[in-house]
Amino acid sequence: MKNESLFEALSARARSEPPPSVDVAGRVIAILNAEQNRVERMTEKPLLWLAAASSAFAVPAVIVAIMVYNASTGPLYEISQAIAWVVQ
Amino acid sequence: MLSYPSHMVLSILPGRTVSLRAEQLLVELVYSLMDSEFVAEDRQKTNASLAAEHRDVRLSLQGDSDAYTRLIKQHQSHVSRMLWRFSRDRLVHEELVQDVFVEAYLSLNSYREKAPFGHWLSRIATRVGYRYWKQLARRGETESFSLAEWDELPGKSPDQMDPGRAADLLHRLLGQLRPRDRLILTLRYLEGCDVAETARRTGWTKSMVKIQSMRARKRLEKLFAQAGKGLRE
């Protein structure tokens, strides 16, 4: 098949093409340093961490409060219904 | 078995009454001993450079930017060569090379020192290049290519063609295929990787590579046939 053999021959020819020379060392190190600084800045923000910790405590506290409320209102409701019946 | 010219054989043992066959055997023995010395020397050098590379990796993990700079400088031409297959736009190409080294640093913890660092980088480079092609495909950006260009190729041997022109033509031709097909054909033909190397670079199994390779070749033929230019025998 001529197309395939032509394709293979061109591929072999293309393999000898030299790639452009690059020097990315400086930029890569700059990017990594910037990333490192960003991470460090994040760890240095006390208010951010305080807010995160508050949220972490608040969420389970609300869940527990709802559960307790539901559990406690049931018997109270029953007692109030019984009292209402006696009063009548 | 290697054969040596008679003047070479005789010059080693001048004036001796040894049969030619025996001389040849002696010469082969001498050469094989010399070769084994060179091989041992090469192996020592390779081991030393691998040890230095592993030391630089460990130092980089501890935050030594000079060590990582050394690793980049050592491998950037190899990575550049691979990514030149993925983009022929110099700016994009440079950005891709940069991305490879940033990504490599961020996942340096996963490098196990079982294989040379360059092999590990080539997997990342393939992943970065493939991701770039998928982004292009999602955006519907394909480079222009006309099959007429293919037909207009000179009738003379492709060996006469400028390598850059050949690479550019193939790059645009393969750009008409889906990223997966393009990747497999690029690695197998343009990079000249065998099945095992392609599997290592892509992270696919060898049988997967064979199947994908077959499908991609069929799609390429279909591309020629659709344009009514296929099977020019």
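The shown structure was predicted, so the numbers you read here are calculated from the model rather than taken from an experiment.
Heavy-atom distances place both the backbone and the side chain of B:R81 under 4.5 Å from chain A. Contact annotation for A:L10: both backbone and side-chain heavy atoms come within less than 4.5 Å of a heavy atom of chain B. With a 4.5 angstrom heavy-atom cutoff, B:L173 touches chain A only via side-chain atoms. Within the 4.5 angstrom heavy-atom criterion, only side-chain atoms of B:H93, from C-beta onward, approach chain A. Heavy atoms closer than 4.5 Å to chain B are found in both the backbone and the side chain of A:S16. If you measure heavy-atom distances from B:E191 to chain A, the contacts under 4.5 Å come from the backbone alone.
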### Query
Could you go step by step and tell me if B:L174 and A:F7 meet the side-chain contact (heavy atoms from CB on, under 4.5 Å) rule?
CA-CA 11 Å; B:L174 293 176; A:F7 181 75; 3.9 Å; yes

### Task
Could you walk me through whether A:S11 and B:L170 pass side-chain contact (heavy atoms from CB on, under 4.5 Å), step by step?
CA-CA 7 Å; A:S11 300; B:L170 289 176; 3.6 Å; yes

### Task
Given side-chain contact (heavy atoms from CB on, under 4.5 Å), test A:E35 with B:Y105 step by step and report yes or no.
CA-CA 11 Å; A:E35 179 65 18; B:Y105 185 83; over 6 Å; no

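For the atom pair A:L6 CG and B:L169 CG, the distance stands at 8.5 Å (nearest 0.5 Å). Put simply, CZ on B:R85 and CD on A:E17 are 6.5 Å apart, with the number rounded to the nearest 0.5 Å.
The shortest heavy-atom contact between B:L190 and A:A14 is CD2-CB, 3.6 Å.
Of the listed residues (B:R217, B:R88, B:R188), the one with the most heavy-atom contacts under 4.5 Å to chain A is B:R88. For the options A:E8, A:Q36, A:R27, heavy-atom pairs under 4.5 Å to chain B are most numerous at A:R27. Between chain A and the residues B:S77, B:G63, B:G192, the most heavy-atom pairs under 4.5 angstrom are made by B:G192.
No more than 12 heavy atoms of other residues, nucleotides or ligands lie within 6.0 Å of CD in B:E95, so this atom counts as exposed by the packing criterion.
Taking the charged nitrogens against the carboxylate oxygens, B:K73 and A:D23 do have a contact shorter than 4.0 Å, which makes a salt bridge.
A donor-acceptor pair under 3.5 Å links the side-chain atoms of B:Q76 to the main chain of A:V24, judged by distance alone. B:S80 places a side-chain N or O within 3.5 Å of a backbone atom of A:P20 that can act as its donor or acceptor partner. Between the side chain of A:R13 and the main chain of B:A167, no donor-acceptor pair closer than 3.5 Å is present.
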